[in-house]
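Working notes, structure below.
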Amino acid sequence: MKRAVLYLRVSTIDQTTANQERELREVASRMGCEIIRVYKDHGISGHHDAGRQSDVSDDGRVCRV
């Protein structure tokens, strides 16, 4: 089975990651992927949460995902 991670992010305070996660889990299931980690950012600006994106990249480089 293929492994996958989800990276969820919202742009405004009124949004949630719940719908994104549900939809992406459905896509992953159709593609035969096992979701092994979910990253969630609730930040409003990409400038403030660049650290989370770095975490995703770092995990991929050291084969945590």
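The basis for the numbers below is simple: all heavy atoms, side chains too, and nothing from hydrogens, waters or symmetry mates.
- Between Y7 and L24, every side-chain heavy-atom pair lies at or beyond the 4.5 Å cut-off.
- Clustering of Ile, Leu, Val, Met, Phe, Trp and Tyr side chains at separations under 4.5 Å places V27 together with M31.
- Annotation: side chain to side chain contact (heavy atoms under 4.5 Å, CB included) contacts of Q20 (sequence neighbours excluded): L8, V10, T17.
- Within the model, atoms SG of C33 and CE of M1 stand 8.0 Å from one another, a figure rounded to the nearest 0.5 Å.
- The nearest pair of heavy atoms linking I35 to V38 is CG2-CG2, 3.9 Å.
- For the pair E34 and I36, the minimum side-chain heavy-atom distance is below 4.5 Å.
- Counting only heavy atoms from C-beta outward, the side chains of V5 and Y39 approach each other to under 4.5 Å.
- Side-chain contact between L6 and K40 is absent, with no heavy atoms from C-beta onward closer than 4.5 Å.
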